[in-house]
Amino acid sequence: MSMESGQSTKKEAGRKVRRTAAIGLSLVMASAVLSACSGGTADKPENRVLRIGMMYGSPDQEQWIRQQYTDTYEFTHQNIELQFEYAINYNDMRGQNGEQQPDPYEKFKELLTGKNPVDVVIADYSNLPRMTQDGLLKELDPLITKDKFDISDYVPTVIDGIKAVGDNKIYVLSPTFSCSALFYNKKIFQKAGVQPPTDNMTWQQVFDLARKVSGGEGADQVYGMTINRWGGSDLYSDVSTYVQPLQLKIFDDKAEKMLVDSGTSWSNAIKTILDLYKVKAIPNQEGYQKLSEALNKKYEKASKEGANNYNPFQGDLFGSGNIAMTVADYGYISQMKSNNNYASQNKDFTPVDWDVVTAPVFEEKPGIGGNSYLSQPLGINNKAQNADDAWDFIKFLNSKEWAKLKSRSTYEIPARAEFIKPIDGMQYNIKAFYTLKPIPPDTSNMQDIYTKYPGLNEMYSISQQLFQEAATGKKTPEEVVKEWAVKGNALLKKVKANPKGTDQGGATTEGGTATEKEKVDAAAGNG
């Protein structure tokens, strides 16, 4: 080897050593910066605990919550330990049916103001007005401004809903939401020569369309619409769902007096749905049953002729092409996609050519409706011990990166408009799900009233019986409302004398007893 080549080799080796040293120094500096940001040493960031409070839950459900909301954060913030705390532990409620339960809100308040307060609050939208009024949550506007955290692309359904419960201030952020819209069958309207529904139609306009496209008989019977996608609801359920945006009350906020007879709103609503039943624009329970039986016979006949008689539309008359319009939630899109995939491969079924528009609204409540809800609204406890990490966690779950991840969901919608797109490249009016403002939460603390007077469950049975008599023509809507007020007032007096009641005749759901929230909604007329 020559001296010249040897010197060249030494110079190259020196450059490599210097590059390696520079890279090593850069890594050390980067590590130091990260450590400084986390408050730890250069070798190991400081370990911290972030406590998350919820009103209801149990360790049994924690795995699902962590998978949905916290696992990714913990993976990217390995020095942060997330702990869940529940005001009401479901496990502690087992075997206590009929016993007076503790006030959920007061228990939740203890979780936020006690000796070891939680940092992050996952709140129920219905409780947010009370929580902000009681000063339990930290206002997020200053933090949003300070960090220049962009929320300009949050859809109206989310941001307007958040500001509505905070006196136009932001106390929570919700990364996702869900909402219902009006699905319609294009071919039914084309065949009837009727213009299909459009966004922002009123209930009366939609009802008029329903009357125009109804007709047929047997397995070819077409009803104009259903109030919900399941159809076959009883009169009480249909009326309660229909008037929900009006927030009509059954009794006052102190459970002392019935309000159903204080005007004509309830009787008019009953009459409206009954009239639609009579002209077969909406299927009542009997009509729904007859149509279902006719379809089953049709499929049985096809089976005898060698066809596949599996009916994927059992209980779903919109999916079978027998309903022109139905109000359904965002998750119904996946169901329709599955239905149409099956129908396209079987000659005995016809795929439904559908689209969506905004849910119907009331003239007196323009722009409000859609039965929307915010998924896991996140706020910072005013007494948080670790407010900085709480805000970092909330920003993480409300980031654009998280929204992009959640845009793949088939049952919830990201709050940021940039990432809201039709599922799997399908074509439909996706804006129908996020244009309307949500129904404002009830501020009457009906949940507290039910907790104090569980005997109010009986109100559901009274309501059901009277509405059934209206459905069968035994009583007029006016007679129903009058008797409802009399029997209801008697019940209110009884529960005040005996708060626990008998817990009989309570609201039930398919498959068992209703949840507490469902019972409250049924008793209060919010269902």
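This is a predicted model, so every value here is computed, not measured.
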Check ring pair (Phe, Tyr, Trp, His ring centres under 6.0 Å) between Phe84 and all other residues, then give those that pass, not counting sequence neighbours. none
Between atom OH of Tyr154 and atom CG of Leu173, what is the distance when rounded to the nearest 0.5 Å? 5.0 Å
Scan side-chain atoms only and decide if Gln468 and Gln464 contain a donor-acceptor pair under the 3.5 Å cut-off. no
Donor-acceptor contact present, side-chain Trp354 to main-chain Met325, <3.5 Å: no
How long is the gap from CG on Leu492 to CD1 on Ile250, to the nearest 0.5 Å? 10.0 Å
Glu106, CD atom: more than 12 neighbouring heavy atoms under 6.0 Å: yes
Taking Ser178 for the side chain and Tyr373 for the main chain, is one N or O donor matched with an acceptor at less than 3.5 Å? no
How would you list, by chain and number, every residue that makes a salt bridge (Lys or Arg N to Asp or Glu O under 4.0 Å) with Lys337, sequence neighbours excluded? Asp424
Which residue pairs pass the salt bridge (Lys or Arg N to Asp or Glu O under 4.0 Å) test when at least one of the two sits in residues 480-489, sequence neighbours left out? Lys475-Glu483, Glu483-Lys487
Once rounded to the nearest 0.5 Å, what's the spacing between atom CD1 of Ile368 and atom CD of Gln244? 12.5 Å
Only counting residues at least two apart or in another chain, list the ones meeting salt bridge (Lys or Arg N to Asp or Glu O under 4.0 Å) with Asp167. none
Sidechain N-carboxylate O distance under 4.0 Å for Lys212, Asp208: no
Donor-acceptor pair, distance only, cut-off 3.5 Å: does the side chain of Asn322 make one with the backbone of Gln221? yes
Would you confirm whether Tyr434, through its side chain, and Val158, through its main-chain N or O, come within 3.5 Å as a donor-acceptor pair? no
Could you work out, with side-chain contact (heavy atoms from CB on, under 4.5 Å) as the rule, every residue matching Lys493, not counting sequence neighbours? none
Would Arg130 count as a cation-pi partner of Tyr105, with NZ or CZ less than 6.0 Å from the six-membered ring centre and within 45° of the ring normal? yes
Is there a side-chain contact (heavy atoms from CB on, under 4.5 Å) between Tyr125 and Val165? Walk through the geometry before answering. CA-CA 8 Å; Tyr125 184 65; Val165 297; 3.7 Å; yes
Keeping to residues at least two apart or across chains, list the salt bridge (Lys or Arg N to Asp or Glu O under 4.0 Å) pairs with something in residues 173-186. Lys186-Asp353
Please name all residues satisfying ring pair (Phe, Tyr, Trp, His ring centres under 6.0 Å) with Phe207, sequence neighbours left out, ordered by chain then number. Trp203, Tyr242
So that I know where these two stand, are Phe349 and Tyr342 an aromatic pair - ring centroids less than 6.0 Å apart? yes
Using the test ring pair (Phe, Tyr, Trp, His ring centres under 6.0 Å), find all partners of Phe433 that sit at least two apart in sequence or belong to another chain. Tyr330
Which value, rounded to the nearest 0.5 Å, describes the distance between Lys298 atom NZ and Asp220 atom CG? 6.0 Å
Can a donor-acceptor pair be found, under 3.5 Å and without considering hydrogens, that links the side chain of Ser267 to the backbone of Glu478? no
Is it true that a side-chain atom of Asn498 and a backbone atom of Lys494 form a donor plus acceptor pair closer than 3.5 Å? no
Centres of the Tyr460 and Tyr236 rings: under 6.0 Å? yes
Taking everything shown except Glu364 itself, do over 12 heavy atoms lie less than 6.0 Å from its CD? yes
With distance as the sole test, does Ser338 use its side chain to make a donor-acceptor pair with the main-chain N or O of Gln335 at under 3.5 Å? no
Is the side chain of Thr358 donor-acceptor paired with the backbone N or O of Asn200 at a distance under 3.5 Å, no angle test? yes
Would one find more than 12 heavy atoms of other residues, nucleotides or ligands at under 6.0 Å from atom NZ of Lys496? yes
Return the CD1 to CG distance between Ile273 and Asn284, rounded to the nearest 0.5 Å. 11.5 Å
Salt bridge (Lys or Arg N to Asp or Glu O under 4.0 Å) against Lys290, all qualifying residues, sequence neighbours excluded: Glu286
Return the set of residues passing side-chain contact (heavy atoms from CB on, under 4.5 Å) with Thr350 (not counting sequence neighbours), or none when no residue passes. none
Any chance NZ of Lys280 has more than 12 other-residue heavy atoms, nucleotides or ligands included, within less than 6.0 Å? no
How would you list all residue pairs meeting salt bridge (Lys or Arg N to Asp or Glu O under 4.0 Å) that involve residues 194-204, not counting sequence neighbours? none
Salt bridge (Lys or Arg N to Asp or Glu O under 4.0 Å) partners for Lys437, two or more places apart: none
side-chain contact (heavy atoms from CB on, under 4.5 Å) between Trp266 and Asp261, intermediate numbers included: CA-CA 8 Å; Trp266 275 108; Asp261 59 340; over 6 Å; no
We want to know whether Tyr56 and Gln61 form a side-chain donor-acceptor pair, criterion being a heavy-atom distance below 3.5 angstrom. no
